[in-house]
Amino acid sequence: MHRVTLIPGDGIGPEVTSAARAVVEASGADVAFEPVLAGQEAEKASGTPLPPAVFESIARTKVALKGPTYTPFGGNYRVRVERPNAQGNLEQRSYPSLAITLRKELGLFVNLRPIKNYPNVPSRYDKVDLVIFRENSEDLYIGNERMVDENTAEGIKRITRVASERVARFAFDYMRKVGRKKITVGHKANVMKMTDGLWLKSAQDVAQAYPDIALDQRVVDALCMELVMKPETFDGLLLTNLYGDIISDLAAGLVGGLGVAPGANIGPDCAMFEAVHGTAPDIAGKDIANPTAMILSAVLMLRHLEESQAADRIEAALTAVLAEKRVITRDLGGNAGTRAFTQAIVEKLKSN
Ligand code: ATP
């Protein structure tokens, strides 16, 4: 039996996570969910958006399925946590959002995003099937910025061999496991000779141990152009934190956007699965959100738990419901609600 921490989150989070939960429970997977509050509800109840119960639960289960959580724009909003440091002493730390807090505090070093066409999801392309591996811990996102003077700002781009090789090894192992054949590493080593040079060299060094998987490389601007001209030629993309952030949204746009883009954050001890979309407050509580991205995130979670039969069954049921086009959510041109769409998938699972 796998125990899984379930974080319903804010906005449409409770609706789409309860859809994902219902589908997982109908799939026959050996999973028990442990719901914990994080986000606005938690803040109302306990004064903090990220109570210690969240970390306690994930420390036990090692796996979380997370709905989107609200982050206010601008201001000095920080999520504060008090947790042990490397020496075991309690330390206060703060981050710009709840999702970033969880990623950093749990050491989730890779952000994995599969990008694939599904039937009847409107898109300009029809043969896209690729996986993005985004380094999740360093690069320009370490937040080391400063004002030199009133009119000059600068920020540090940090690239280490340890983090670069770690994510490259993860990518090669993953590709081998799922039978994919080619990784394209994105970089700008022609200009950033040291930082992106080290990133590229690290990927090339790791590739030596994987002769069965080809390593290709592209300067990141050329990569963007090729992605929109012939996305079907890409298989795996290995990207630094900033390029990965930008290109994964671009790639989600190749297959129909936010409603169908799932994601995983994985580290050595635990993993967290979440849709790419946010809390969508404009449609929250109205039973109109599309739960597909959250359900596909749960499919990634089941594959991580080696419940591959249940994962295959859910993906097949979801694909069948989309292909039939009878029960489709509004964002995809139908008029079914979140619950009706979920129920159609659950019925497919029961009848197959
Ligand atoms: P946040 O501030 O949490 O990022 P947001 O509304 O600014 O929220 P998203 O939640 O990513 O950003 O969504 C942008 C728009 O896309 C929403 O207004 C919503 O209409 C639409 N959207 C996002 N997710 C879904 C979904 N699962 N189903 C249907 N529409 C969605």
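Counting starts at 1 for both ligands and their atoms, in listed order. When a residue number appears, it is its place in the shown sequence, counting from 1.
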Sub-4.0 Å heavy-atom contact, A293 with ligand 1 | no
Determine, considering heavy atoms only, which of [options] sits nearest to [atom].
atom	options	answer
atom 17 (C) of ligand 1	D282, I283, T292	D282
atom 27 (N) of ligand 1	T338, N290, D10	N290
atom 14 (C) of ligand 1	I288, L332, L258	L258
atom 24 (N) of ligand 1	H277, E15, M294, R330	H277

Return the residue, atom name and 0.1 Å-rounded distance of the protein heavy atom closest to [atom].
atom	result
atom 2 (O) of ligand 1	T279 OG1, 4.2 Å
atom 9 (P) of ligand 1	G278 N, 3.5 Å
atom 22 (N) of ligand 1	A280 CB, 4.2 Å

Does some side-chain heavy atom of I266 sit less than 4.5 Å from a side-chain heavy atom of N136?
-> no
Compare all side-chain heavy atoms of T338 with those of T329 and state whether any distance is below 4.5 angstrom.
-> no
Neighbour count above 12 (heavy atom, 6.0 Å) for R339 CZ = no
From L112 atom CG to I132 atom CD1, the distance as rounded to the nearest 0.5 Å | 9.5 Å
Side chain, backbone, both or neither: I12 near ligand 1, heavy atoms under 4.0 Å = side chain
Worked verdict on H2 versus E307 for side-chain contact (heavy atoms from CB on, under 4.5 Å) = CA-CA 10 Å; H2 309 283; E307 286 273 355; 3.3 Å; yes
How about F273 and H304: are their ring centroids closer than 6.0 Å?
-> yes
Counting distance only, does the side-chain N/O of N265 pair as donor-acceptor with the main-chain N or O of R103 below 3.5 Å?
-> no
